[in-house]
Q: 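A single structure is presented below for examination.
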There are 2 protein chains.
Amino acid sequence: MYTIGEVAKLLNVTTHTLRFYEKEKIITPERTEHGDRRYSESHLQWLRFVIKLKETKMPLVQIQEYASLFLQGDRTTQKRLGLLKNHQEHVQNQIHVLNEIDDMLRKKISAYEEYLQKRDFS
Amino acid sequence: MYTIGEVAKLLNVTTHTLRFYEKEKIITPERTEHGDRRYSESHLQWLRFVIKLKETKMPLVQIQEYASLFLQGDRTTQKRLGLLKNHQEHVQNQIHVLNEIDDMLRKKISAYEEYLQKRDFS
DNA sequence: ATACTGATTAGAGTAAACTCTAAGTCAAGG
DNA sequence: CCTTGACTTAGAGTTTACTCTAATCAGTAT
C-alpha cells in the first residue's frame, strides 16, 4: 500500500492531480482510520493505464466513463470492450496521421538541407 | 485568392480562428482596398501545415516562433531547420508511444474477448 | 514544547486555445 | 433596397486539465 506522496513520485504526477482524479471518480483509493489515502498495486496499475490513455489524447470524460463501467462490474464487459475497440481505432488513426507528418517533415528537412548545401558551395 | 469565409470552409475552421491566428502573428493575409482579407494558395498551404503541426500537439507558441522565423527571411534557415528536426524527433517519439499503447490495447481487447467467449460457452 | 513533514479539505486560480458578443461600418449582388 | 458577408476593436466566456492556496491536523524528530 502506497501513500499519495509515494504514488505521486512513482508515477510522476503531483498529489494535486491524484486528488483531482479522485474527485473526478477516476480512482478511489482506500483510506486509513485517519482518512489518509492508501493505494494498492492494482490502483497503481489502473493509474498507469489511465496515464497511457492520456498520452493518446483520450479526454478525461471518456476515461471517467470507462472507470465507471468498471465499477458497475461484470455486466459492462461488452461495453468496455466496445470502448476499447473504439479507442484503438482512434489510436491507429493517430499513428497514421503522425506518420504522414513525419513524412512531410522529412521532405521539408531535406529540402532545407539541400538548399543550405547549395548555398555553401556557391 | 480566397476570402476568410472560403478558407474557413476549406480548412474546417471558423473565421474566428483565422482572425485569432492573425492576431497571434501566425498568418498575415493580404487585404483588398476595402480591408478584406485575401488568402493566396501559399497562405492556404501554410495554414494546412499549421493545422498538421497542431495535430502533433505542437503548441501555438512554437508555431508562432516558426512563423516569425519565416518572416525574418533567409538567414533564419538554419534555425528553422533545427526547429523542424527537433519537432520531427517529437513526432517520432509520439509514434513510438502510440504503438506501445496500440499493443497494450490489443492485449486488453483479446483478453476481454477470450473472457466473453468462455462465458458464452459455459 | 515546538518545529517539521506530510496528510486532509473546499474552493480559487491558471494556461492554452479558442469562441463568441457587442456594436458598429461598408459594399457588392439579387 | 435589403440581405449577406465582410470588416473593426475590445473584451468576456468556455473548456480542459490541472495547479495551487489556506487552514487544519496527526505523527515524528530535536
Side-chain angles (χ1 to χ4, degrees), chain A residues 1-40 43-44 46-68 87 90 94 97 101, chain B residues 1-40 43-44 46-68 87 90 94 97 101:
Chain A
M1 296 297 238
Y2 306 87
T3 68
I4 194 168
E6 285 163 355
V7 174
K9 216 169 260 174
L10 279 169
L11 302 186
N12 254 318
V13 296
T14 67
T15 55
H16 292 301
T17 304
L18 290 171
R19 292 201 191 92
F20 172 71
Y21 283 177
E22 189 171 346
K23 201 169 71 191
E24 300 296 316
K25 304 256 172 68
I26 282 167
I27 188 160
T28 313
E30 289 164 42
R31 299 291 185 129
T32 66
E33 37 193 322
H34 294 306
D36 289 18
R37 290 166 181 80
R38 281 299 124 88
Y39 297 82
S40 69
H43 284 129
L44 268 190
W46 167 244
L47 281 172
R48 281 200 197 94
F49 182 52
V50 166
I51 290 165
K52 281 274 174 214
L53 290 180
K54 284 202 55 49
E55 291 182 66
T56 65
K57 295 185 184 176
M58 191 192 252
L60 275 199
V61 273
Q62 250 175 70
I63 298 178
Q64 261 170 39
E65 200 186 333
Y66 189 79
S68 107
H87 188 58
H90 218 77
Q94 274 182 61
V97 167
I101 292 168
Chain B
M1 295 297 238
Y2 306 88
T3 68
I4 193 168
E6 286 163 354
V7 175
K9 217 169 260 175
L10 279 169
L11 302 186
N12 255 315
V13 296
T14 67
T15 56
H16 291 300
T17 304
L18 289 171
R19 293 203 189 93
F20 172 71
Y21 283 177
E22 190 171 345
K23 201 170 72 191
E24 300 296 317
K25 305 255 173 69
I26 282 166
I27 188 159
T28 313
E30 288 163 41
R31 299 291 186 130
T32 66
E33 39 192 320
H34 295 305
D36 289 19
R37 290 167 182 80
R38 281 299 125 90
Y39 296 81
S40 68
H43 284 129
L44 269 190
W46 166 243
L47 281 172
R48 282 202 196 93
F49 182 52
V50 166
I51 290 164
K52 281 272 174 214
L53 290 179
K54 283 201 56 50
E55 290 183 66
T56 64
K57 296 185 184 176
M58 191 192 252
L60 274 199
V61 273
Q62 248 174 72
I63 298 178
Q64 262 171 38
E65 200 186 334
Y66 190 78
S68 106
H87 188 59
H90 218 76
Q94 273 181 62
V97 167
I101 293 169

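Nothing here was measured: the structure is a model prediction, and the numbers come from that model. A, B, ... follow the sequence lines: proteins, then strands. Residue 1 opens every chain.
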Q: Do the side chain of B:Gln62 and the main chain of B:Pro59 share a donor and acceptor less than 3.5 angstrom apart?
A: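 Absent.
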Q: Between B:Arg37 and B:Pro29, what is the shortest heavy-atom contact and its length?
A: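 Nearest heavy atoms, B:Arg37 then B:Pro29: CG-CG, 3.8 Å.
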Q: Ignoring hydrogens and angles, tell me if any N or O in the side chain of B:Gln94 forms a donor-acceptor pair with the backbone of B:Thr56 under 3.5 Å.
A: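 Looks like yes, one N/O pair under 3.5 Å.
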Q: Using side chain to side chain contact (heavy atoms under 4.5 Å, CB included), reason through B:Phe20 and B:Leu60 one step at a time and then give a plain yes or no.
A: CA-CA 11 Å; B:Phe20 172 71; B:Leu60 274 199; 3.7 Å; yes
Q: Tell me, please, the opening and closing nucleotides of DNA chain D, 5' to 3', among those with an atom under 4.0 angstrom from a non-hydrogen atom of chain B.
A: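 Listed 5' to 3', the contact boundaries are D:dA6 to D:dT8.
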Q: Mind listing the closest non-hydrogen atom pair of B:Ala8 and B:Thr14 along with its distance?
A: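 Heavy atoms of B:Ala8 and B:Thr14 come nearest at CB-C, 4.1 Å.
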Q: From NZ of B:Lys57 over to P of C:dA16, roughly how many Å is that when rounded to an integer?
A: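 To the nearest whole Å, that distance equals 16 Å.
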Q: So which heavy atom on A:Ile4 is nearest to which on A:Thr15, and how close?
A: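 Smallest interatomic distance, heavy atoms only, reads CD1-O, 3.7 Å.
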Q: Where is the tightest heavy-atom contact between B:Trp46 and B:Ile26, given as atom of each residue plus distance?
A: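 Heavy-atom minimum between the residues: NE1-O, 2.7 Å.
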Q: Among residues 8-33 of chain B, which ones have heavy-atom contacts with DNA chain C below 4.0 Å?
A: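 Within residues 8-33 of chain B, the residues near DNA chain C are B:His16, B:Thr17, B:Phe20, B:Tyr21.
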Q: Over 60° means perpendicular and under 30° means parallel, so tell me whether B:His43 and B:Tyr39 are parallel, tilted or perpendicular.
A: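 Aromatic pair B:His43/B:Tyr39 classed perpendicular.
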Q: Rounded to the Å, how far apart are B:Ile4 CD1 and C:dA27 C1'?
A: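 Rounding to the nearest Å, CD1 of B:Ile4 and C1' of C:dA27 are 17 Å apart.
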Q: Using the closest heavy atom to pick a nucleotide of DNA chain D for each, name whichever of B:Gly5 or A:Val61 lands nearer the 5' end.
A: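 In this pair, the answer is B:Gly5.
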